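Remarks on the structure that follows.
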Amino acid sequence: DASASVISAGAGKLTIEAHKVLSTLGQNLMITADDVESQIGSSLSAGAGSIQIETFTTGQTLGIGLTAQQFHLEDSELGRIVSGGGLSIGSSNGGSITVHGLTSANTASTGPLSLTATRGGNEVYFAGTASTLSHGILVASAAGVVVSQDVTSGGLSSLSSGTGTITVAAGKSLSTSNGELTLIADDLDLLGTAVSSGTAAMTVATFSHKTVGLGTATEQLGLSGAEL
């Protein structure tokens with residue numbers, strides 16, 4: 001994006017000190033850093049533009065919310081980000097991503113949240129406690145998406161597990177508050193209470209053009225009667 005503002009901290013940390021503002025005045029913003037810290041009272045703003053955050057070091061793991069990883073962006077820090085055009089975290093260079101306990105209040109100003117972990121073998125995990133997002137969520141991984149806690153998005157959403165499996169754990173749910181939902185995977189393991197797009201459409205597709213079996217039919221990707 002030729003019109004975007006670009007900040008690189010290399011293998012270091014981008015820190016926005018307490019009560020300070022980093023603003024692009026509406027331009028898109030691209031950040032490369034192995035960690036980002038937004039202190040109390042600070043703000044990171046692209047206005048109506050988008051913000052893209054990627055790690056510098058190959059394979060750097062990312063924690064979004066309560067679970068700390070090598071890169072860690074807390075739920076409260078998300079609440080200090082303004083990106084009406086959407087917030088993108090991760091890349092084809094970084095590591096797996098763990099999402100834990102995001103709240104609708106702190107995702108209200110970020111726009112749709114995109115999570116990318118498409119480097120070989122990487123996955124995206126929704127763990128710890130439930131996550132509720134004000135907007136849609138777009139997930140792309142290389143080897144799997146694991147929903148081990150309830151996830152509720154506020155709009156159009158898509159989960160792609162690459163050649164891996166999308167798993168919704170027993171007793172847990174994935175829902176979009178009546179937003180369209182797309183699931184792309186080479187296998188689905190839907191053990192939870194619900195996978196729901198409400199009144200909106202849901203699309204299921206394979207990543208590697210595999211055959212699909214419904215009910216008792218045996219194919220490369222199977223959805224049992226119970227999963228349906």
Side-chain angles (χ1 to χ4, degrees), residues 1-17 21-39 42-100 102 106-107 109-127 131 133 135-146 153 157-162 164 184:
D1 185 348
S3 65
S5 296
V6 178
I7 296 174
S8 177
K13 177 192 291 187
L14 170 64
T15 301
I16 306 168
E17 295 185 343
V21 175
L22 174 58
S23 174
T24 65
L25 301 178
Q27 276 192 325
N28 296 339
L29 174 61
M30 299 177 65
I31 296 172
T32 302
D34 275 355
D35 201 7
V36 173
E37 180 183 2
S38 178
Q39 296 179 354
S42 67
S43 175
L44 173 61
S45 176
S50 63
I51 295 178
Q52 179 178 344
I53 302 174
E54 299 182 359
T55 58
F56 177 83
T57 300
T58 299
Q60 189 92 339
T61 58
L62 300 94
I64 315 299
L66 295 173
T67 296
Q69 298 288 348
Q70 292 168 313
F71 172 102
H72 187 204
L73 195 63
E74 298 178 6
D75 180 61
S76 59
E77 292 178 301
L78 285 176
R80 300 175 193 132
I81 294 175
V82 179
S83 52
L87 174 63
S88 175
I89 300 174
S91 69
S92 59
N93 181 63
S96 293
I97 300 174
T98 300
V99 179
H100 178 178
L102 300 188
N106 283 327
T107 56
S109 61
T110 64
L113 177 63
S114 298
L115 302 175
T116 303
T118 51
R119 185 171 177 268
N122 287 336
E123 298 180 286
V124 176
Y125 306 95
F126 293 88
S131 288
L133 299 100
H135 306 282
I137 186 166
L138 308 172
V139 176
S141 78
V145 177
V146 180
S153 73
S157 297
S158 174
L159 276 66
S160 173
S161 65
I184 302 171

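Predicted model only: the values in this text are computed from it and were never measured.
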For this session: State, without any angle test, whether Thr61 and Gln70 hold a side-chain donor-acceptor pair at a distance under 3.5 Å.
Result: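 Yes, a side-chain donor-acceptor pair sits under 3.5 Å.
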Non-neighbouring partners of [X] that pass side-chain contact (heavy atoms from CB on, under 4.5 Å), sequence neighbours left out:
X      : value
Ala127 : Thr98, Ser148
Ser92  : Thr118
Glu123 : Ser96, Tyr125, Ala143, Val146
Thr58  : Asn93, Arg119

Side chains of [X] and [Y]: does their closest heavy-atom pair fall under 4.5 Å?
X      : Y      : answer
Ile64  : Ile97  : yes
Ile53  : Leu29  : no
Leu113 : Leu138 : no
Thr32  : Ile7   : no
Thr55  : Leu62  : yes
Leu73  : Ile89  : yes
Thr15  : Val36  : no

If you look at every heavy atom in [X] and [Y], which pair is closest and at what distance?
X      : Y      : value
Ala46  : Ser50  : CB-O, 3.8 Å
Gly136 : Ser157 : CA-OG, 3.6 Å
Leu102 : Asp75  : CA-OD1, 3.5 Å
Ala117 : Asn122 : O-CB, 3.4 Å
His72  : Gly65  : NE2-O, 2.7 Å

With sequence neighbours excluded, residues passing side chain to side chain donor-acceptor pair (under 3.5 Å) with [X]:
X      : result
Thr67  : His100
Glu17  : none
Ser131 : none

Quiz: residues 77-86 side-chain donor-acceptor pairs under 3.5 angstrom, not counting sequence neighbours:
residue: Glu77; atom: OE1; partner: Glu74; partner atom: N; Å: 2.7
residue: Glu77; atom: OE2; partner: Ser38; partner atom: N; Å: 2.8
residue: Arg80; atom: NH1; partner: Ser38; partner atom: O; Å: 2.3
residue: Ser83; atom: OG; partner: Thr110; partner atom: O; Å: 2.8

Exercise. Checking side chain to side chain contact (heavy atoms under 4.5 Å, CB included) for the pair Asn28/Ile51: CA distance, chi angles, key distance, verdict?
Worked result: CA-CA 6 Å; Asn28 296 339; Ile51 295 178; over 6 Å; no
For this session: List the steps, then state whether side chain to side chain contact (heavy atoms under 4.5 Å, CB included) holds for Ile137 with Phe126.
Result: CA-CA 12 Å; Ile137 186 166; Phe126 293 88; 3.7 Å; yes
Exercise. Which residue pairs satisfy the salt bridge (charged side-chain N to carboxylate O under 4.0 Å, His left out) criterion with at least one member in residues 24-39, sequence neighbours excluded?
Worked result: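 Every pair satisfying salt bridge (charged side-chain N to carboxylate O under 4.0 Å, His left out) with a residue in residues 24-39: Lys13-Glu37.
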For this session: Measure the CG-OG distance between Leu87 and Ser114 for me, rounded to the nearest 0.5 Å.
Result: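 Output value for this atom pair is 8.0 Å.
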Exercise. Any sub-3.5 Å donor-acceptor pair from Thr57's side-chain atoms to Gln60's backbone N or O?
Worked result: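 Not a single qualifying donor-acceptor pair exists.
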Problem set entry | Stepwise side-chain hydrogen bond (donor to acceptor under 3.5 Å, both in side chains) check, Gln27 with Ser5 | CA-CA 7 Å; Gln27 276 192 325; Ser5 296; 2.7 Å; yes
